[in-house]
Amino acid sequence: MGRLLIICFHFCFLISCLTATHIPGRNPCDGIDEDYIERHIPVGEFEIISRKPAGDICEIIINADNSRIPLYAGMGYVIAGDMFVEKKRVTQETMADLRKELLSRNMSRFDQLAAFAYVPARPSGRVLYMVTEPLCPYCHRAAEKIIPIAESLGLTVKAVMYSVHGDRGFEKCVEVICSDISLKEYVSRKWDDVETPKAVQCGEGIKKARDSSKLAEEMGIDGVPFIFLDDGTEIQTSRLDRLGEYLE
């Protein structure tokens with residue numbers, strides 16, 4: 001009982017701190033800038049990429065070393081973490097909107113770095129992007145699944161190679177880029193039939209693989225496969241069967 005009372009006291013104290021400072025008509029984000037954040041939390045170099053009121057406090061998303069961190073600030077405090085409202089993770093919605101905008105702004109870079117493209121018999125003009133890696137078994141399963149779906153929906157598929165397995169994965173990414181293969185050949189692992197893989201390490205492939213890694217890191221992509229549409233909408237592999245709903 002004693003511990004429960006202590007927990008209740010701390011919880012009530014926190015709620016009182018968050019609400020007692022509210023001033024009607026005041027924007028809770030006024031005065032919440034880089035200097036304010038640095039004064040309250042230990043963080044290195046960062047930039048504010050989003051800042052908006054969330055009830056009586058200010059929701060901020062910062063970019064620190066290509067990592068997006070959600071913060072909530074008021075008069076005299078900063079809290080790190082997600083906000084939930086009626087069982088919805090409103091913080092994640094903000095993060096998803098930011099990444100969608102970021103991806104859409106950089107679509108031309110993904111176009112330039114695509115290792116290959118799959119064009120359906122009746123293209124609709126829409127494009128599905130897949131950030132993938134040759135050593136990733138989940139990527140191959142996703143690619144196999146994507147081909148018939150892309151054909152039925154008229155989606156062009158562009159694949160960008162990004163290594164999450166260190167130097168070995170990077171080498172394989174370069175092999176794929178330099179082998180000039182199709183999506184179907186990628187799925188059938190035709191690139192892996194080369195007798196002397198080291199021979200398939202062209203300068204253009206090395207540069208493209210490096211630039212692809214840089215782009216993926218800038219976008220905050222830390223895992224593969226990473227799939228998204230040409231408007232920046234991310235598609236979970238578990239929802240590929242419902243891809244048509246995202247095109248409506």
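Since the structure is predicted, the reported quantities are computational estimates derived from the model, not experimental observations. Atom set for the values below is all heavy atoms of this structure, side chains included, hydrogens, waters and symmetry mates excluded.
Counting heavy atoms from C-beta outward, M219 and V131 have side chains that stay 4.5 Å or more apart. A 4.5 Å side-chain heavy-atom check between I206 and R210 finds at least one atom pair inside the cut-off. Taking 4.5 Å as the limit, every side-chain heavy atom of E59 sits out of range of all side-chain heavy atoms of P70. Taking 4.5 Å as the limit, every side-chain heavy atom of L215 sits out of range of all side-chain heavy atoms of Y162. Counting only heavy atoms from C-beta outward, the side chains of S163 and K172 never approach each other to under 4.5 Å. No side-chain heavy atom of L128 sits less than 4.5 Å from a side-chain heavy atom of I149. K208 has its side chain out of reach of V160: every pair of non-hydrogen atoms, C-beta onward, lies at least 4.5 Å apart. Looking at heavy atoms from C-beta onward, P134 lies in side-chain contact with Y186 at the 4.5 angstrom threshold.
In this structure, R39 places its CZ atom where more than 12 heavy-atom neighbours from other residues, nucleotides or ligands lie under 6.0 Å away. Sparse packing is recorded around CD of E204, with 12 or fewer heavy atoms of other residues, nucleotides or ligands lying under 6.0 Å away. For D222, the CG atom is loosely surrounded, since the number of other residues' heavy atoms within 6.0 Å does not exceed 12.
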From CA spacing to verdict: side-chain contact (heavy atoms from CB on, under 4.5 Å), M161, V174:
CA-CA 8 Å; M161 298 294 123; V174 175; over 6 Å; no

Between I79 and I57, does a side-chain contact (heavy atoms from CB on, under 4.5 Å) hold up when you go through it step by step?
CA-CA 10 Å; I79 301 171; I57 58 178; 6.0 Å; no

Yes or no on side-chain contact (heavy atoms from CB on, under 4.5 Å) for Y36 and V78, after CA distance, side-chain angles and deciding distance?
CA-CA 9 Å; Y36 184 89; V78 175; 3.9 Å; yes

Any chance you could lay out the side-chain contact (heavy atoms from CB on, under 4.5 Å) test for F46 and I37, step after step, and finish with the verdict?
CA-CA 10 Å; F46 72 94; I37 292 171; 3.9 Å; yes

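Side chain of E133 to main chain of V224: no donor-acceptor pair is present (N/O by atom type, distance under 3.5 Å, no hydrogens or angles). Without hydrogens or angle criteria, E151 side chain to A121 main chain gives a donor-acceptor distance under 3.5 Å. Put simply, the side chain of R68 never gets that close to the backbone of L98: no donor and acceptor are under 3.5 Å apart.
The salt bridge (Lys or Arg N to Asp or Glu O under 4.0 Å) check on K207 picks up D211, with sequence neighbours excluded. Not counting sequence neighbours, the partners of R105 by the salt bridge (Lys or Arg N to Asp or Glu O under 4.0 Å) test are E101.
In terms of hydrophobic clustering, with Ile, Leu, Val, Met, Phe, Trp and Tyr side chains grouped at heavy-atom distances under 4.5 Å, L240 and Y129 are assigned to different clusters. No chain of hydrophobic side-chain contacts below 4.5 Å, direct or via other Ile, Leu, Val, Met, Phe, Trp or Tyr residues, connects Y138 to V187. Both L103 and L113 sit in one connected hydrophobic cluster of ILVMFWY residues. Membership requires side-chain heavy atoms under 4.5 Å apart, directly or through other members. Transitive grouping of hydrophobic side chains (ILVMFWY, heavy atoms separated by less than 4.5 Å) brings V176 and I147 into a common cluster.
Note that the CD1 atom of I146 and the CG atom of L153 stand 11.0 Å from one another [nearest 0.5 Å]. Here the CD1 atom belonging to I62 is positioned 4.5 Å from the CD1 atom belonging to I69, to the nearest 0.5 angstrom. For the atom pair CZ (R99) and CD1 (I221), the distance works out to 6.5 Å, reported to the nearest 0.5 Å.
C136 and P225 make their closest contact through SG-CD, 4.2 Å (heavy atoms, listed as atom of the first residue, atom of the second, distance). The nearest pair of heavy atoms linking P53 to C29 is N-SG, 3.6 Å. Listed here is the closest heavy atom pair of T237 and K145: O-NZ, 3.9 Å. Residue F116 comes nearest to S182 through the heavy atom pair CD1-C, 4.1 Å, listed as atom of the first residue, atom of the second, then distance. Closest of all the heavy-atom pairs between M107 and L229 is CE-O, 4.0 Å. The minimum heavy-atom distance between D30 and R26, with the atom names listed, is O-NH2, 3.2 Å.
A salt bridge links R168 with E171: the distance from a Lys NZ or Arg NE/NH1/NH2 to an Asp or Glu carboxylate oxygen falls below 4.0 Å.
In summary, the aromatic rings of F228 and F110 are positioned with their centroids under 6.0 Å apart.
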